[in-house]
Amino acid sequence: MITRKRLAAGVCGLLAALAVGLLPTPAAADAPDTKSSPKVELVLDVSGSMRSRDIDGQSRMAAAKQAFNEVLDAVPEEVQLGIRTLGADYPGQDRKLGCKDTRQLYPVGPLNRTEAKAAVATLNPTGWTPIGPALLGAADDLKDGDSTRRIVLITDGEDTCAPLDPCQIARDIAAKGIHLVIDTLGLLPDAKTRNQLSCIAEATGGTYTSVQHSDQLRKRVHQLVDRAAKPVVTPVATEGAQQCSSAPKLTAGLYSDREKFAEHRWYRVDVPPGQELRASVSIAADRAVNNDYGVLLRASTPQGREIVRGSEAGDGRTDVISSGLRYPTAPADKASGDTQPARTVCLQVSNSFSAPASVKTDPGLPVELSIDLVDGPDNAADTAFFGLGHGWWLLGALALAGLLSGLLWGWISRWRVAVWRTN
């Protein structure tokens, strides 16, 4: 993500102006604004394996309860918090029933610390580990509103309800465009659990943490709940088109989309005279992909003439690949007195990702597109203004530099040989 200070300042200024202009009356100010309050649901594994006594001399369940009690005491007032369990009620061996064992222990809303602690105190390690159904339930608990929403999943093992793949469920949740982030914490995880929890987190832009001690668990859960209370720029969901003529028109802001493997998607931006378009794109590999891949961000005219492009290649060492471009337009001709229209720029986002045959390609890969419009350069020395992005200016400059360097080196070499022969 490319941070844009001017965009952030403009957004903050707009919010401040709205806050002053729409200041509520004293009576209305007493009512809590639940619509914009950040929401967090803690999803706790209460399966039988949580009885193991290997975290600082106590059971995993006891460590989780202690962490929850301390976190509940420190939850910011503006955060609406809920608690969901998995494997807390069914102790039997019926797989069908065990994989339905998830329920909301405490509803998402203004926190009553005493009631929430009392609910957590009743938990005892019991059953299966239905992570997938628990994620679906938590997503449904947080479906309403447009505020920041996070799921914090705490478990000591991988899902036991295959073939329902929790990683695929996380991808499906992310593909809905509701901007729900899932953070995962693994208690003394083995390799399979670590891989599954990492996949779940990466699919939604969340984080994965391996926990070995009770204080680590407490600190990390507190950090994630506190992070939800901090304002962030939420991307606007959009859907690119297969050609520029039918592409959505974007303004300055942050956007999210999904792109299939090796797909091209188009968007449009109107750039006023004297403004500079700054665009960047990031595509995340939220599943196993082949090592060699790339991303292309290309700007062109509606007629198809390329203006400027940015590209980047990857070899599997990073989960996100990004590229960007800049395109300034000429200032308006003030002498003519005519109002000049904005110039339509077509943005093409392409990727060269591929995956093994066993990997599901649906939904597509997460795409984040940043658009910014700033004042263009005052002088005409800006290389993009002259068309350096077209490639011809750069090619000519490199050719001329190479020719001059070759002539200079040849002259120096001949002079040194002549001096050597004379001496």
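This chain uses plain numbering: 1 for the first residue, then up along the sequence.
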Begin with the C-alpha distance, continue with both residues' side-chain angles, and end with the deciding distance and a verdict on side chain to side chain contact (heavy atoms under 4.5 Å, CB included) for Leu325 and Arg309.
CA-CA 6 Å; Leu325 59 80; Arg309 66 165 60 193; 5.6 Å; no

Is the shortest side-chain heavy-atom distance between Thr155 and Leu187 below 4.5 Å?
no

Is the closest side-chain heavy-atom distance between Asp73 and Val71 below 4.5 Å?
no

Kindly determine whether Glu259 and Asn351 satisfy side-chain hydrogen bond (donor to acceptor under 3.5 Å, both in side chains), including the steps that lead there.
CA-CA 8 Å; Glu259 188 171 79; Asn351 76 81; 2.6 Å; yes

Taking atom types as modelled and ignoring hydrogens, do the side chains of Ser354 and Asn290 form a donor-acceptor contact shorter than 3.5 angstrom?
yes

State, to 0.1 Å, how close Thr85 and Leu123 come at their nearest heavy-atom pair, and which atoms those are.
CG2-CD2, 3.9 Å

For Lys117, does the NZ atom have more than 12 heavy-atom neighbours from other residues, nucleotides or ligands under 6.0 Å away?
yes

Within residues 197-227 or reaching into it, pairs that qualify as disulfide bond (SG atoms under 2.5 Å apart) - sequence neighbours excluded:
Cys167-Cys199

Looking at every non-hydrogen atom in both residues, tell me the closest pair between Trp266 and Arg298 and how far apart they are.
CH2-NH1, 3.5 Å

For Lys65, is the NZ atom crowded, meaning more than 12 foreign heavy atoms sit under 6.0 Å from it?
yes

So which atom in Ala247 and which in Ala241 form the shortest heavy-atom distance, rounded to 0.1 Å?
CA-CB, 3.6 Å

Kindly give the heavy-atom pair with the smallest separation between Arg95 and Thr160, and that separation in Å.
NH2-O, 3.3 Å

Option among Gln243, Arg265, His264 that satisfies the side chain to side chain donor-acceptor pair (under 3.5 Å) test with Gln348
His264

Could you report the tightest heavy-atom contact between Ser352 and Gly294, atom names first, then the distance?
OG-N, 2.7 Å

What are the two closest heavy atoms between Ile131 and Gly157, and how far apart are they?
CD1-O, 3.6 Å

Between Arg343 and Asp270, is the closest basic N to carboxylate O distance under 4.0 Å?
no

Just wondering, do Leu365 and Asp286 contact through their side chains at under 4.5 Å, heavy atoms?
yes

Salt bridge or not between Asp140 and Lys143? Use side-chain N to carboxylate O under 4.0 Å.
yes

If the test is side-chain contact (heavy atoms from CB on, under 4.5 Å), which one of Val281, Ile321, Leu296 qualifies with Glu312?
Ile321

